[in-house]
K.L.:
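Take a look at this one; I'll ask things after.
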Amino acid sequence: MHVKKYLLKGLHRLQKGPGYTYKELLVWYCDNTNTHGPKRIICEGPKKKAMWFVLTLLFTSLVCWQWGLFIKTYLNWEVSVSLSIGFKTMDFPAVTICNASPFQYSKVQHLLKDLDELMEAVLGRILGPELSQVNDTRALNLSIWHHTPLVFINEQNPHHPVVLDLFEDNFNGSASNSPAPGRPCSAHRCKVAMRLCSHNGTTCTFRNFSSATQAVTEWYTLQATNIFAQVPNQELVAMGYPAERLILACLFGAEPCNYRNFTPIFHPDYGNCYIFNWGMTEKALPSANPGTEFGLKLILDMGQEDYVPFLTSTAGARLMLHEQRSYPFIKEEGIYAMAGMETSIGVLVDKLQRKGEPYSQCTKNGSDVPIQNLYSNYNTTYSIQACIRSCFQEHMIRECGCGHYLYPLPHKRKYCNNQEFPDWAHCYSALRISLAQRETCIYACKESCNDTQYKMTISMAVWPSEASEDWIFHVLSQERDQSSNITLSRKGIVKLNIYFQEFNYRTIEESAANNIVWLLSNLGGQFGFWMGGSVLCLIEFGEIIIDFVWITIIKLVALAKSVRQKQAQARYEGPPPTVAELVEAHTNFGFQPDLATPGPDVGAYPHEQNPPIPGTPPPNYDSLRLQPLDVIESDSEGDAI
Amino acid sequence: MGAGPSPLEPWLLRLRDALALVCPILTMAPGEKIKAKIKKNLPVTGPQAPNIKELMQWYCLNTNTHGCRRIVVSRGRLRRLLWILFTLTAVALIFWQCALLISSFYTVSVSIKVHFQKLDFPAVTICNINPYKYSAVRHLLADLEQETRAALKTLYGFSEITSRKRREAQSWSSVRKGTDPKFLNLAPLMAFEKGDTGKARDFFTGRKRKVNARIIHKASDVMHIHNSKEVVGFQLCSNDTSDCAVYTFSSGVNAIQEWYKLHYMNIMAQVSQEKKINMSYSADELLVTCFFDGVSCDARNFTLFHHPMYGNCYTFNNRQNETILSTSMGGSEFGLQVILYINEEEYNPFLVSSTGAKVIIHRQDEYPFVEDVGTEIETAMATSIGMHLTESFKLSDPYSQCTEDWSDVQITNIYNATYSLQICLHSCFQAKMVENCGCAQYSQPLPRGADYCNYQQHPNWMYCYYQLHQAFVREELGCQSVCKEACSFKEWTLTTSLAQWPSEVSEKWLLSILTWDQSQQIKKKLNKTDLAKLLIFYKDLNQRSIMENPANSIEQLLSNIGGQLGLWMSCSVVCVIEIIEVFFIDSLSIIARHQWHKAKGWWARRRAPACPEAPRAPQGRDNPSLDIDDDLPTFTSALSLPPAPGSQVPGTPPPRYNTLRLERAFSSQLTDTQVPAES
């Protein structure tokens with residue numbers, strides 16, 4: 001009883017109007033809601049009523065469907081891009097300059113002596129006596145050779161390829177028709193291959209090359225890597241080109257600069273590289289004007305005479321433009337500048353700024369990438385190139401036990417060399433061509449959210465001109481070497497102009513295509529379009545749902561009570577309810593003023609309420625009024641259904 | 001007839017409503033109370049209103065749109081007028097805004113995305129700039145060469161080609177002195193004195209002759225040359241030599257090269273394809289070494305592609321029935337590295353004046369337009385080409401005029417490649433050429449059933465070709481309007497840089513081992529000017545995709561329209577249906593009913609003018625909705641009231657007001673009394 005009273009009280013307070021039956025509630029809702037459809041259902045004739053009912057249902061489903069579409073679109077996290085082009089004062093890009101040759105041959109010769117002699121001998125063996133000028137009388141250090149030798153593979157008989165070591169005249173394969181020992185093979189019959197062995201020479205693979213040029217170049221690079229890997233870093237730096245030798249003149253805008261404005265960095269492929277305007281220690285230099293006059297002008301000397309002959313065959317300066325505080329991956333993204341030429345580079349900064357999760361798959365600073373960034377030793381920012389290389393090195397260390405010379409080392413690891421890791425070349429060679437490894441790395445690494453590219457317009461002219469050649473070389477030689485002799489030549493000198501173009505930036509910026517405002521206005525638009533509804537209509541609907549629940553609860557309570565009552569008073573037959581009572585039960589009490597409750601009604605109820613006990617004081621009116629309602633309601637409900 | 005009772009009824013109803021509101025409900029009997037409620041809840045003056053004015057009034061009062069109600073309930077003429085104005089403005093604004101929305105439906109929004117991923121390596125086509133080995137093709141071109149030399153000698157006094165590499169060729173120059181110059185007769189080279197274009201000096205004979213032909217200055221539309229004393233050109237005539245055109249150039253270099261090319265095409269058009277392929281360079285000859293992604297490759301990885309003007313070209317990564325090679329690392333060592341053998345001694349001195357090779361980077365299914373695009377590479381240099389991939393996708397019809405394939409372009413594809421604008425233009429030109437001149441132009445593929453132009457079969461093709469070409473350039477052939485751009489294309493942005501190769505110190509060993517490599521093809525020691533190194537690689541694996549997306553979808557358009565409707569008038573589709581219902585169905589039905597009654601009345605008066613009672617009975621049912629008693633069961637059934645046994649007991653049935661009212665409708669005095677009673 002108590003519970004029910006509370007419920008009733010609560011219901012009374014909650015709702016002053018909708019009514020006490022489902023139907024009343026529904027009619028009231030339809031009549032009073034602000035959405036456009038339901039009102040029509042009840043205030044039209046029967047035929048139109050049906051039509052409006054169908055229409056309302058149709059519109060409701062349409063609205064729901066469209067809402068679903070919009071919410072789905074919103075959750076796709078699409079982006080729209082805005083593009084801006086123009087000129088503004090921007091930080092001048094960092095410029096990294098390297099020499100194509102990593103070391104000065106004069107300083108590195110003692111390390112490469114054995115290897116070079118071997119290489120000459122190899123060339124002599126391949127070319128045959130009539131083409132080579134080398135006499136084979138010198139004693140060769142064959143310990144390097146035996147580790148990874150080059151071999152001839154005679155594939156004239158494709159089922160029995162004949163393998164022939166360059167320095168041995170005996171055959172490892174089927175040896176019946178041996179060519180003349182003086183000149184083992186000619187190019188159209190034999191291919192040169194590199195033998196890579198592991199497990200103390202038990203498992204061997206032959207890496208085939210279609211041309212001998214590639215074979216010897218690869219072989220030499222592999223051996224040189226092996227040698228340099230054992231040399232400490234300071235010595236390597238000392239063997240490279242020093243800044244004062246490389247950079248002859250420097251001018252940034254109107255301000256003179258010299259080699260001290262360059263930050264040195266050691267690159268395994270190109271030796272000493274120098275970075276201008278890296279922004280690591282001091283602020284980055286801005287450039288406020290387009291054109292050559294306001295850019296960076298450099299004169300470099302490559303010193304081509306001092307190149308390591310077998311290591312690099314290309315001569316020139318290698319340069320790269322990159323962002324401040326980012327590591328220069330000069331081998332991948334660098335360009336060449338030719339000696340004896342003036343290379344002018346107009347720069348356009350092409351920037352892409354991404355929004356990050358959940359809009360696009362990118363990382364702000366690389367902290368959420370599962371690979372340790374080995375380039376963080378240089379205090380540089382994250383980039384996907386760094387990640388992929390770190391990933392490769394990680395794989396290398398896992399597979400081969402040592403790090404590759406070209407990439408930075410993790411803590412407490414060593415670079416690969418033949419002495420300590422005899423199998424490394426075989427292992428590296430397998431890893432390098434492994435596609436699975438690369439794909440794992442690409443999958444693991446994420447792009448950085450801010451992607452900056454420097455679009456370059458490159459043009460070249462001969463420099464210095466014939467007329468000015470003499471004095472320019474003279475002045476530059478004097479300045480660098482304090483000698484009156486000309487120490488420079490057209491074969492080594494490079495002039496560079498790097499400047500901003502007239503439009504120096506093109507920024508593509510992502511923004512959310514569908515934000516929450518977009519979503520709401522579209523939801524509102526749809527609801528308004530089909531049904532003229534708003535959020536308040538939804539609240540109305542929610543209110544009605546609550547009322548429905550209340551009514552259901554009350555009905556259930558009443559049903560339970562009536563069952564109990566029927567059991568208790570099975571014999572009792574009360575007077576049939578009057579029409580007024582019946583009708584009253586269905587009217588909307590909420591609409592009536594409260595003062596309408598007392599009066600004549602009071603007399604009508606006591607008989608029904610408690611017929612066996614006369615003379616009791618009139619009970620609480622609220623409960624009085626609701627008491628018969630429930631009883632009747634349960635009956636009338638049965639009729640209605 | 002029907003108009004008689006109409007002004008009365010709403011007033012009555014409204015009065016009743018007002019009464020129902022004013023009168024305290026509790027004073028009524030329970031039955032009355034219910035009725036009052038019913039009346040209030042169910043306004044029975046619906047669209048069944050008896051005339052248009054009533055209908056409008058009803059509509060304005062009951063509609064969900066906001067302006068209309070104000071018109072009706074406003075007092076004062078000015079106010080009403082203003083509200084009418086506002087409402088109409090709002091309607092006009094809605095129409096305007098919705099029209100804007102609909103007209104801008106087919107717009108696109110562009111999105112740019114960057115993906116770091118494994119990229120397909122493009123097809124790379126490499127051609128030697130010189131099409132055929134001069135030694136192999138020379139016997140075909142001997143006459144032409146001789147005449148060219150003669151023309152050079154006549155005008156410029158140039159006698160000997162003193163090329164250091166062509167000593168052996170000099171014996172040719174004086175062989176056929178006395179033969180009839182057939183090439184110069186066909187298209188005579190001439191020099192014109194400036195300002196006297198009527199007179200020309202013949203290159204071959206040296207004497208002046210009168211020219212009565214139209215002078216067409218090449219590129220004269222674009223720029224004006226003032227200071228040249230003499231212009232050089234050649235004359236082309238149609239069949240009967242009556243209609244001639246002279247094409248002039250500002251420099252003899254251009255004139256002679258064009259003239260030579262014209263005759264060269266004539267001669268080569270008669271040579272069979274197999275023969276031409278044999279005269280050109282083989283893959284083994286052109287490619288000295290090849291290296292891709294750290295693995296050796298050789299001539300077998302290249303496919304032959306024969307271009308009429310460039311001879312044998314070789315395409316890397318374009319092999320049929322093989323997977324497309326891809327790059328999973330950026331940088332030069334993971335790209336394509338080739339060393340090319342360019343033999344300058346075999347160059348044709350008049351056809352090509354530069355040395356090197358041409359590289360075209362294109363899609364696998366794309367036709368390489370060697371003449372139109374491509375990067376030229378130099379000998380004794382390493383050319384490194386860094387690539388960035390950009391993919392673009394356009395939306396086709398109705399967003400833009402682009403096409404996916406050949407299906408909606410009325411041009412037959414003469415190339416064995418997917419659609420591109422250039423292929424379409426070339427195909428279109430070739431088709432026009434065959435149509436107008438009867439033969440096909442040499443530098444493009446042959447359409448079905450056509451032959452290449454040559455003197456023997458088509459003596460005046462050159463004149464025709466030049467005419468057609470001029471028309472094509474001026475967009476008179478209609479090719480530019482027929483051909484549409486392709487909807488998607490891949491573009492490789494190239495960064496080209498040069499370096500010296502081989503370097504001073506490595507030159508010796510490198511050249512000797514390269515010589516050993518090529519010893520099968522080339523029986524001489526290689527020089528560094530015979531070689532060119534080419535590196536093509538992805539700078540990084542970022543792929544940019546520029547995509548067009550529809551800016552609007554249907555649902556977005558609807559919600560925008562809904563927003564507009566809601567903003568200006570709080571309207572919705574329901575309102576629109578209401579409008580349709582009220583303004584079309586109900587109005588029409590009212591008018592129809594009106595007419596029907598008129599006709600009926602007229603008929604009744606004609607048939608029985610003495611009986612005025614006749615039409616009354618149907619008129620009593622004229623407006624059934626006004627019958628309150630009829631409506632009561634509707635409500636009862638709607639609420640599913642139990643058929644209470646006592647429902648008939650209280651009170652007598654209400655008097656049938658409608659009959660009363662209808663009676664009154666015909667008496668004017670009652671109308672008068674009712675109206676003031678309401679107000």
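Throughout, protein chains are lettered first and strands after them, A, B, ... in sequence-line order, and every chain is numbered starting at 1. Keep in mind it's a predicted model, so treat the numbers as computed, not measured.
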K.L.:
By a 4.5 Å heavy-atom criterion (distance strictly below it), what part of B:L541 contacts chain A: side chain, backbone, both, or neither?
P.N.:
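For B:L541, side-chain heavy atoms alone lie under 4.5 Å from chain A.
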K.L.:
Once you round to the nearest 0.5 Å, how far does CG of B:D517 lie from OG1 of A:T213?
P.N.:
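So the CG of B:D517 and the OG1 of A:T213 are separated by 3.5 Å.
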K.L.:
Given heavy-atom pairs under 4.5 angstrom as the criterion, report whether the side chain, backbone, both or neither of B:E333 touches chain A.
P.N.:
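Contact with chain A: backbone and side chain both.
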K.L.:
Name the region of A:L55, side chain, backbone, both or neither, that has any atom closer than 4.5 Å to a heavy atom of chain B.
P.N.:
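Side chain only.
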K.L.:
Kindly compute the distance separating OG (B:S111) from CD (A:E510), expressed to the nearest 0.5 Å.
P.N.:
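Rounded to the nearest 0.5 Å, the OG-CD separation comes out at 8.5 Å.
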K.L.:
Any donor and acceptor pair, going by atom type alone, linking the side chain of A:S211 with main-chain N or O of B:T289 inside 3.5 Å?
P.N.:
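Looks like no, no N/O pair under 3.5 Å.
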K.L.:
With a 4.5 angstrom heavy-atom cut-off, could you sort out which part of B:S328 is near chain A: side chain, backbone, both or neither?
P.N.:
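Interface part for B:S328: both.
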K.L.:
Can you tell me which portion of A:F59 sits under 4.5 Å from chain B's heavy atoms? Options are side chain, backbone, both or neither.
P.N.:
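The side chain, not the backbone.
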K.L.:
Report the option among A:W65, A:W52, A:F527 that has the most heavy-atom pairs separated by less than 4.5 Å from atoms of chain B.
P.N.:
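Result: the option with the highest number of such pairs is A:W52.
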K.L.:
Is there a side-chain contact between A:T217 and B:F291 in this structure, where contact means two heavy atoms from C-beta onward sitting under 4.5 Å apart?
P.N.:
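Sidechains of B:F291 and A:T217: no contact.
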K.L.:
Does A:K455 have more than 12 heavy atoms from other residues, nucleotides or ligands lying within 6.0 Å of its NZ?
P.N.:
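Yes - once you tally the heavy atoms of other residues, nucleotides and ligands closer than 6.0 Å, there are more than 12.
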K.L.:
Out of B:V110, B:D540, B:I561, return the one with the most heavy atom pairs under 4.5 angstrom to chain A.
P.N.:
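The answer is B:D540.
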K.L.:
Please classify the contact of A:A317 with chain B as side chain, backbone, both or neither, using a heavy-atom distance under 4.5 Å.
P.N.:
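A:A317 has no heavy atom closer than 4.5 Å to chain B.
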K.L.:
In plain terms, say whether B:D293 and A:R438 are close enough for a salt bridge, that is, a side-chain N and a carboxylate O under 4.0 Å apart.
P.N.:
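Yes.
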K.L.:
Answer yes or no: is there an ion pair linking A:E332 with B:K539, defined by an N-O contact shorter than 4.0 Å?
P.N.:
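Salt bridge absent between A:E332 and B:K539.
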K.L.:
For a quick check under 3.5 Å, do A:S313 and B:W501 share a side-chain donor-acceptor pair by atom type?
P.N.:
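Checked: A:S313/B:W501 side chains pair up, N/O donor to acceptor below 3.5 Å.
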K.L.:
With rounding to the nearest 0.5 Å, note down the distance linking CD in A:Q66 to CG in B:L558.
P.N.:
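It is 6.0 Å, given to the nearest 0.5 Å.
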K.L.:
Which value, rounded to the nearest 0.5 Å, describes the distance between A:L523 atom CG and B:S559 atom OG?
P.N.:
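Here the rounded value is 8.5 Å.
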K.L.:
Could you tell me which of B:D284, B:V114, B:T493 has the largest number of non-hydrogen atom pairs under 4.5 Å with chain A?
P.N.:
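The residue among B:D284, B:V114, B:T493 with the greatest pair count is B:V114.
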K.L.:
Give the intermediate values and the outcome of side-chain contact (heavy atoms from CB on, under 4.5 Å) for residues A:H36 and B:E578.
P.N.:
CA-CA 10 Å; A:H36 290 176; B:E578 266 178 14; 5.8 Å; no
K.L.:
Taking A:G533, A:G524, A:S521, A:P309 one by one, which has the highest count of heavy-atom pairs under 4.5 Å against chain B?
P.N.:
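Heavy-atom pairs under 4.5 Å are most numerous for A:P309.
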K.L.:
Which bit of A:W518 comes within less than 4.5 Å of chain B, counting heavy atoms only: side chain, backbone, both or neither?
P.N.:
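When you check distances to chain B, only side chain atoms of A:W518 fall under 4.5 Å.
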K.L.:
According to the interplanar angle, ranging from 0 to 90°, do the rings of B:W509 and A:F310 count as parallel (below 30°), tilted (30 to 60°) or perpendicular (above 60°)?
P.N.:
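Tilted.
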K.L.:
Answer yes or no: is there a donor N or O on one side and an acceptor on the other, between the side chain of B:E504 and the main chain of A:E305, under 3.5 Å?
P.N.:
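Flag not set: sc B:E504 to bb A:E305 has no pair under 3.5 Å.
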K.L.:
Around atom CD of A:E439, are there more than 12 heavy atoms of other residues, nucleotides or ligands at under 6.0 Å?
P.N.:
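Counting neighbours around CD of A:E439, more than 12 heavy atoms of other residues, nucleotides or ligands fall under 6.0 Å, so yes.
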K.L.:
If you measure from OH on A:Y336 to OG1 on B:T496, what distance do you get to the nearest 0.5 Å?
P.N.:
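It is 14.0 Å, given to the nearest 0.5 Å.
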K.L.:
With sequence neighbours left out, write down each residue that passes disulfide bond (SG atoms under 2.5 Å apart) with B:C575, or none if nothing qualifies.
P.N.:
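Expected list: none.
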K.L.:
Does the B:D298 side chain pair with the main chain of A:S210, one donor and one acceptor, at a distance under 3.5 Å?
P.N.:
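Checking the backbone N and O of A:S210 against the side chain of B:D298, no donor-acceptor pair under 3.5 Å is found.
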K.L.:
With a 4.5 Å cut-off on side-chain heavy atoms, are A:Q304 and B:S503 touching?
P.N.:
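Yes, at least one pair of side-chain atoms sits under 4.5 Å.
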K.L.:
Specify which of B:G566, B:C290, B:S326 makes the most heavy-atom pairs with chain A at under 4.5 Å.
P.N.:
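Of the candidates given, the most pairs with chain A belong to B:C290.
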K.L.:
In terms of heavy-atom proximity below 4.5 Å to chain A, should B:S384 be classed as side chain, backbone, both, or neither?
P.N.:
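Contact with chain A is through the side chain of B:S384 alone.
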K.L.:
Does B:S497 use its side chain to pair, donor to acceptor, with the backbone of A:I335 at less than 3.5 Å?
P.N.:
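No; judged by distance alone, with no hydrogens or angles, the pair does not exist.
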K.L.:
Check the pair B:T495, A:Y454 against side-chain contact (heavy atoms from CB on, under 4.5 Å), reporting the backbone distance first and the verdict last.
P.N.:
CA-CA 11 Å; B:T495 311; A:Y454 293 91; over 6 Å; no
K.L.:
Check whether A:S429 gets within reach of chain B through its side chain, its backbone, both or neither, counting any heavy atom under 4.5 Å.
P.N.:
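Neither the backbone nor the side chain of A:S429 comes within 4.5 Å of chain B.
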K.L.:
Run the side-chain contact (heavy atoms from CB on, under 4.5 Å) test on A:F529 and B:S572 for me, step by step, so that the C-alpha distance in whole Å, both residues' side-chain angles and the decisive distance to 0.1 Å come before the verdict.
P.N.:
CA-CA 5 Å; A:F529 182 68; B:S572 67; 6.0 Å; no
K.L.:
Counting C-beta onward and ignoring hydrogens, is there a side-chain heavy-atom pair between B:K118 and A:Y443 closer than 4.5 Å?
P.N.:
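Result no, sub-4.5 Å side-chain heavy-atom pair not found.
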K.L.:
Contact part of B:L565 toward chain A, heavy-atom cut-off under 4.5 Å: side chain, backbone, both or neither?
P.N.:
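For B:L565, the contact with chain A is made by the side chain alone.
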K.L.:
Considering all heavy atoms of both residues, which atom of A:M338 and which atom of B:Q500 are nearest to each other, and what is their separation?
P.N.:
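Reported closest heavy-atom pair: CG-N, 3.5 Å.
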K.L.:
Please state whether the side chain, the backbone, both or neither of B:F116 comes within less than 4.5 Å of a heavy atom of chain A.
P.N.:
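It is both, since atoms from each part get that close.
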K.L.:
Going by the side-chain contact (heavy atoms from CB on, under 4.5 Å) test, name the single residue among A:N522, A:N514, A:T73, A:L69 that passes it with B:Q556.
P.N.:
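Exactly one option meets the side-chain contact (heavy atoms from CB on, under 4.5 Å) with B:Q556, and it is A:N522.
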K.L.:
With respect to chain B, which residue among A:M341, A:M456, A:Q385 yields the maximal number of heavy-atom pairs within a distance under 4.5 Å?
P.N.:
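Highest number of heavy-atom pairs under 4.5 Å: A:Q385.
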K.L.:
For the residue pair A:Q214 and B:Q337, confirm or rule out a side-chain donor-acceptor distance under 3.5 Å.
P.N.:
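Their side chains do not contain a donor-acceptor pair, so the 3.5 Å distance test is not met.
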K.L.:
Output the residues of residues 542-555 of chain B for which the shortest heavy-atom distance to chain A is under 4.5 Å, in residue-number order; output 'none' if no such residue exists.
P.N.:
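Residues in range: B:N542, B:R544, B:E555.
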K.L.:
Hey, does the side chain of B:W516 reach the backbone of A:I126 with a donor-acceptor pair shorter than 3.5 angstrom?
P.N.:
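Checking the backbone N and O of A:I126 against the side chain of B:W516, a donor-acceptor pair under 3.5 Å is found.
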K.L.:
How many angstroms lie between CG in B:L510 and OG1 in A:T314, if you round to the nearest 0.5 Å?
P.N.:
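Answer rounded to 0.5 Å: 9.0 Å.
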K.L.:
If you count heavy-atom pairs within less than 4.5 Å of chain A, which of B:A499, B:G563, B:A382 leads?
P.N.:
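Looking at each of B:A499, B:G563, B:A382 in turn, B:A499 comes out on top.
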K.L.:
Side chain, backbone, both or neither: which part of A:F70 has a heavy atom under 4.5 Å from chain B?
P.N.:
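Only the side chain of A:F70 comes within 4.5 Å of chain B.
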K.L.:
Is a side-chain N or O of A:R354 found less than 3.5 angstrom from the main chain of B:K113, in a donor-acceptor match?
P.N.:
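Judged by distance alone, no pair lies under 3.5 Å.
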